Number of protein chains: 2
Amino acid sequence: MEEYSEKQLAILKVAERLFADQGFHGTSVRDIAQEADVNIAMISYYFGSKDKLLETIFRYRMEASRKFINELLENNTMEPLEKINSLIDRFINKMLGEQYFQCIMSREQLNSQASPVRDLIWELKGEMLGLMQPIVTQAQEAGIFYKDVDVEMLMTTLFGTIHQVIPAQHILKKSAPATVMNDDEFREYVKKRVSTHLKKLFKAILTHEF
Amino acid sequence: MEEYSEKQLAILKVAERLFADQGFHGTSVRDIAQEADVNIAMISYYFGSKDKLLETIFRYRMEASRKFINELLENNTMEPLEKINSLIDRFINKMLGEQYFQCIMSREQLNSQASPVRDLIWELKGEMLGLMQPIVTQAQEAGIFYKDVDVEMLMTTLFGTIHQVIPAQHILKKSAPATVMNDDEFREYVKKRVSTHLKKLFKAILTHEF
DNA sequence: AGCAAAGTTAAACAAACGTTTAATTTAAAC
DNA sequence: GTTTAAATTAAACGTTTGTTTAACTTTGCT
């Protein structure tokens, strides 16, 4: 658990945005330095290398994700379906709230070559699966959820849908209702739409009710 | 509709694999030339530039996708749900059959900067949506499908799930049944698993039956 | 004030990048 | 067999890449 100076945070923030928008190899350290308004040498000075800068971004975000997971583990008073719905909403909020990082994840998980970053990704995904699995299993044993469900694939659908929505937002704007929207309103509109869709999907497949 | 020589096809094939595995900017023309066993200059000679090489790959694959779409449009004798199921299976087959290209699409659709390639992607996605939309609408009007369904989001789920499965295959191998599998058997196993999952999901949400 | 460490800078580094050149070989046409 | 165009090559092109250097400034401590 390290702390970062303002300047370091500025670099991390700019780098995250540029890596998301143009890819890791599509972004030069000079681009980052210029937009963050620091000297090029500071990136190596602070983070060691461009690779380690990416790794730092990952560890930074993943630490937050771990906390996020642990918080979710504490909700014990809810009904199974309420738990699932809460989980869906929290996932949507989390992932759409850090879209730049999610873009980087989308990209990096495609790399065929093994790397520390790729390992971190699948480690985290495993933990997320471990979050939903027991809820479903428990509800299945209690006879509340239907037995014949592939939870791993359901998690894949959850991730996949949200990851697909992130770059699709340009398009969703066109099919949105004609009412004028500022950025915040549109963000809420998207969240609501994904949330409604995923909750319906999960409820239907898990409980066979509507 | 152009034709390509063997050497050109060799370059396209190698480039597609490398772009998928390491990203566009992560792959050098020297890498491509070496693996395709041609001189570096041939790439500029044939395709003009590295950018146009990527664009060529896209146009090549997209032409096939267009044909694919037109074939799907001709199935008129089936029941609505059969049509959907057939569509799901064909999508899975298509996309898992060209995984390298789908990886490139996954990456390129994240680019924030406008480009010919990005336009092509969303154009194609629109066409795919236009493929499912009328089937659903027609069945809704006939009272066979439930009214309250967000087809655009459903299509997002379809794409998202499959796009998420492609890089997740390493992991799926671990949770696969212990029976020994060669590559072809595993590929079939994955297809079957995704297919079963998606069909259940679509049937539940569209018909409210199981 | 004086000193040591940390922070910051412009400049330079070698390596890798995409692309082009000019020379040579191959193939096809007459 | 000669000619013309296409294919292929090794080498060089000028940039850009990530990283390092060495000089300089700021900061914090005694």
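Throughout, protein chains are lettered first and strands after them, A, B, ... in sequence-line order, and every chain is numbered starting at 1. Because the structure is predicted, anything quoted here is derived from the model rather than measured.
- With rounding to whole Å, A:Gln8 atom CD is found 13 Å from C:dA6 atom P.
- We find that CZ of B:Phe24 is positioned 8 Å from P of C:dG18, with the value rounded to whole Å.
- A:Gln22 has its CD atom 10 Å from the P atom of D:dT17, to the nearest Å.
- Among the nucleotides C:dT20, C:dT9, D:dT9, the one closest to the side chain of A:Met42 is C:dT9.
- What separates OH of B:Tyr45 from P of D:dT9 is a distance of 12 Å, to the nearest Å.
- Here B:Ile40 lies in heavy-atom contact (under 4.0 Å) with a base.
- Here A:Ser28 lies in heavy-atom contact (under 4.0 Å) with sugar-phosphate atoms only.
- Put simply, B:Asn39 has no side-chain N or O that comes within less than 4.0 Å of OP1 or OP2 on D:dA7.
- The nucleotide whose nearest atom lies closest to any side-chain atom of A:Lys50 is, among D:dT19, D:dT8, C:dT19, D:dT19.
- Rounded to whole angstrom, the span from the CG atom of B:Asp31 across to the C1' atom of C:dG18 amounts to 12 Å.
- When heavy atoms are screened at a 4.0 angstrom cut-off, A:Tyr46 is found touching the sugar-phosphate backbone but no base atom.
- Checking D:dT8, D:dT20, C:dT19 against the side-chain heavy atoms of A:Ala41 singles out D:dT20 as nearest.
- Nucleotide D:dG18 holds its C1' atom 12 Å from the CG atom of A:Leu53, rounded to whole Å.
- Between B:Tyr60 and B:Tyr4, the two ring planes are perpendicular [angle over 60°; tilted spans 30° to 60°].
- Residue A:Thr27 is in sugar-phosphate contact alone, with no base atom involved, counting any heavy-atom pair closer than 4.0 Å across all strands shown.
- Without hydrogens or angle criteria, B:Lys50 side chain to B:Phe24 main chain gives a donor-acceptor distance under 3.5 Å.
- Using cut-offs of 30° and 60° for the angle between ring planes, the A:Phe159 and A:Phe91 rings count as perpendicular.
- A:Arg30 places its CZ atom 13 Å from the P atom of C:dA10, with the value rounded to the nearest Å.
- Computed from coordinates, the B:Ile11 CD1 to D:dT8 C1' distance equals 11 Å when rounded to whole Å.
- The environment of CD in A:Glu185 is crowded: more than 12 heavy-atom neighbours from other residues, nucleotides or ligands sit within 6.0 Å.
- Here B:Phe58 and B:Phe101 bring their ring centres to under 6.0 angstrom of each other.
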